[in-house]
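Single-structure report; data block below.
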Amino acid sequence: MSARENSIVADMALAHEGHLKIDWASAHMPVLNRIRAQFEKEQPFKGLKVSICLHLEAKTAYLAKVVQAGGAEVTITGSNPLSTQDDVCAALVEDGITVFAKYNPDPEEFKSLIVRALESKPDLIIDDGGDFATILHGERQDLLPQIRGGAEETTTGITRLKALEKEGTLQLPMVAVNDAYCKYLFDNRYGTGQSAFDGIMRTTNLIISGKNVVVVGYGWCGKGVAMRARGLGANVIVTEVDAIKAVEAHMDGFTVLPMIEAAKVGELFITVTGVKDVIRGEHYDVMRSGAILCNAGHFDVECNKPELAARAVEKRTVRKNIEEYRLEDGRSIYLLAEGRLVNLAAGDGHPAEIMDTTFALQALSLKYVNDNYQSIGAKVINVPYELDDQVARYKLESLGISIDTLTDEQKKYQESWT
C-alpha cells in the first residue's frame with residue numbers, strides 16, 4: 001500500500017504550502033544537509049522501517065526525509081495535538097512518507113494515530129516524551145520484539161525511560177539525545193528561550209518589556225527563557241525547588257522567590273519544569289487580574305487546569321490560543337495554548353538553525369543504535385561524545401569558523417596528567 005493510501009491526514013490539498021515550509025527549513029539546516037548526503041551514499045537504513053513521533057512541523061519533516069534518504073521506509077506521527085501542521089503532513093505524504101497525524105484531534109483519536117504509527121512494525125524509533133515507549137511497554141508489547149532500539153528527544157521522555165530501566169522492564173536500547181551537550185546547551189537554552197517568546201508574542205500581541213515575568217524552573221530551558229526575558233526588558237523572577245539552581249539564578253542576576261510570593265506580583269508565568277502542578281490553586285488565589293500563564297514543558301500538566309477551571313465562573317476564548325478564566329471575584333486569568341507547549345502549539349517551535357544540530361544528533365544516534373543495538377542491550381545510553389563533537393564541528397564548518405587543535409606535545413602533556 002502506498003503512503004497516500006495508508007496515511008491519515010486532514011487535507012492533501014494543503015501539500016503545496018507544506019513543501020514550501022519544508023524547503024525553507026531545509027535551506028537553513030546545513031548540518032542535516034551534510035548528513036543527508038552521507039546517508040544517501042551509505043544507505044545505513046536500507047530495508048528498515050523507522051517510525052517517528054515528534055512535533056510534526058517543517059523541521060521535523062525534514063528529519064524524516066533525511067532518514068528516508070538513508071534507505072528507510074518512514075512512518076511519522078505527532079507528539080502533540082496542537083503542534084501538528086496539516087500542510088506539512090500532506091507534503092510528507094506526497095514525498096512517500098506514511099503519516100498518521102492531524103491538527104487538534106480529540107484525545108482518543110490522537111492516541112490511535114500514535115498506535116497506528118507503531119503498527120507499521122518499525123525496526124527503529126525516534127520518540128518524543130516517551131509516547132512510543134509508554135505504549136510499547138504497556139498495552140502493545142507485541143510490537144516490541146522487532147524493534148532494535150531508538151532515540152529519545154526530551155527530558156520527560158528520558159525520565160520515563162529511566163524509570164522503566166530502574167524497574168527492569170525496559171525492553172530496548174534508547175539513546176538519550178536530550179542529554180547530549182549540543183542538545184541541552186543550544187536547543188534547550190537558545191531554542192526554548194527564543195521560541196517560547198515567539199509563541200507568546202505572536203499569540204498575545206503584548207509587550208514583554210517592563211513586565212514581571214516569572215520563570216518556573218531554572219534548568220537549561222529555564223535559563224534560556226530567563227535570558228531572553230531579560231533581553232526583552234522584563235523584570236525576571238525565578239522559582240525553583242533545587243537549591244543549587246536557585247543560587248545560580250540569583251548569581252545570574254535574577255530575583256528568586258517561592259511560587260506563592262511570585263504569584264502575587266507576576267504578570268506573565270512560563271513553566272519549564274516537566275513537573276505537574278507547579279502552578280496550582282493557592283497560586284491562582286493570589287494572582288493579580290490579567291495574569292497570563294503558559295507552559296514550555298512537554299506535557300500540559302505544569303499549570304493545574306482543573307483547579308483553575310474550578311475557580312472560574314466563566315471561560316471563553318478571547319483570541320486564538322488564549323482562554324480567559326473569569327473568577328468569582330471578578331479577576332481574569334489567561335491561559336495560552338491550553339497549557340500545552342506554547343512555542344509549538346502557538347508558534348513554529350525552535351528556529352531551524354537550532355533544530356539543525358538537534359536533529360543531526362537524532363539522525364546520527366539512530367544510525368549508532370542500528371549499528372550497535374546488540375551490544376548495547378536494553379538500557380538508556382548517552383549520545384557518544386564523538387557524535388556530539390562531530391555535529392559541533394559540522395556546525396562550525398557551516399559557519400566558516402575554525403578552531404585550534406592541540407599539538408602533539410600538548411597531547412602528551414595532557415595525557416601525562418590523566
Side-chain angles (χ1 to χ4, degrees), residues 30-32 34-35 38 42 44 149-155 157-159 161-163 165-166 170 173-193 217-224 226-227 238 240-254 256 272 274 353-418:
V31 178
L32 209 51
R34 179 164 179 170
I35 292 170
Q38 176 184 328
E42 297 174 0
E152 167 58 50
E153 174 82 359
T154 67
T155 303
I158 292 168
T159 300
L161 289 169
K162 287 186 175 178
E165 184 179 24
K166 187 176 181 180
L170 185 66
M174 293 292 292
V175 181
V177 172
N178 183 76
D179 292 349
Y181 286 116
C182 282
K183 174 66 164 64
Y184 65 71
L185 287 176
F186 309 131
D187 179 305
N188 293 5
R189 179 167 44 168
Y190 298 107
T192 305
Y218 203 66
W220 285 105
C221 291
K223 290 180 180 69
M227 177 176 61
V238 172
E240 251 300 343
V241 295
D242 185 305
I244 295 172
K245 291 177 181 176
V247 172
E248 184 180 13
H250 168 74
M251 296 188 75
D252 284 342
F254 302 116
V256 179
V272 274
E353 298 96 331
I354 288 292
M355 296 313 297
D356 186 27
T357 55
T358 295
F359 284 161
L361 286 168
Q362 283 282 15
L364 293 178
S365 294
L366 196 69
K367 180 181 182 298
Y368 182 84
V369 167
N370 187 52
D371 291 342
N372 299 281
Y373 67 96
Q374 291 177 317
S375 60
I376 295 170
K379 60 183 178 181
V380 181
I381 65 167
N382 291 328
V383 174
Y385 179 78
E386 58 267 24
L387 299 187
D388 229 354
D389 182 70
Q390 182 180 356
V391 167
R393 290 181 182 279
Y394 285 174
K395 179 64 175 178
L396 288 173
E397 288 176 17
S398 75
L399 295 169
I401 297 173
S402 299
I403 60 173
D404 291 320
T405 57
L406 294 175
T407 65
D408 290 340
E409 192 64 29
Q410 287 172 322
K411 289 177 183 177
K412 289 178 183 177
Y413 178 78
Q414 190 178 48
E415 289 167 0
S416 72
W417 288 94
T418 58

Cys221 backbone acceptor or donor facing Asn188 side chain under 3.5 Å:
no

For a quick test of reading the model, state the closest non-hydrogen atom pair linking Val272 to Gly222 and the distance between them.
CG2-CA, 3.6 Å

Could you walk me through whether Gln410 and Tyr413 pass side-chain contact (heavy atoms from CB on, under 4.5 Å), step by step?
CA-CA 5 Å; Gln410 287 172 322; Tyr413 178 78; 5.5 Å; no

side-chain contact (heavy atoms from CB on, under 4.5 Å) with Lys183: which of Asn178, Thr357, Ile354?
Asn178

So, taking the atom named CE in Met227 and the one named OG1 in Thr192, what distance separates them when rounded to the nearest 0.5 Å?
10.5 Å

Please tabulate, for the side chains in residues 374-388, all donor-acceptor contacts under 3.5 angstrom to protein atoms that are two or more places apart in sequence or on a different chain.
residue: Ser375; atom: OG; partner: Asn372; partner atom: O; Å: 3.0
residue: Asp388; atom: OD1; partner: Cys182; partner atom: N; Å: 3.2
residue: Asp388; atom: OD2; partner: Tyr181; partner atom: N; Å: 2.7

Side-chain donor-acceptor pairs of residues 361-369 under 3.5 Å, sequence neighbours excluded:
residue: Gln362; atom: NE2; partner: Glu153; partner atom: OE1; Å: 2.6
residue: Ser365; atom: OG; partner: Leu361; partner atom: O; Å: 2.7
residue: Lys367; atom: NZ; partner: Asp371; partner atom: OD2; Å: 2.9

Short side-chain donor-acceptor distance under 3.5 Å, Gln390 and Tyr394:
yes

So which atom in Val391 and which in Ala360 form the shortest heavy-atom distance, rounded to 0.1 Å?
CG2-CB, 4.0 Å

Glu240 side-chain N/O to Asp242 backbone N/O, donor-acceptor pair under 3.5 Å:
yes

Between Thr154 and Glu152, is any side-chain donor less than 3.5 angstrom from a side-chain acceptor?
yes

Looking at NZ of Lys411 and OG1 of Thr405, how far apart are the two atoms once the value is rounded to the nearest 0.5 Å?
6.5 Å

Side-chain heavy atoms of Ile403 within contact of Arg393, under 4.5 Å:
yes

Can you confirm whether more than 12 heavy atoms, excluding those of Ile244, are under 6.0 Å from its CD1 atom?
no

I need the Tyr184 OH to Asp179 CG distance, nearest 0.5 Å.
7.5 Å

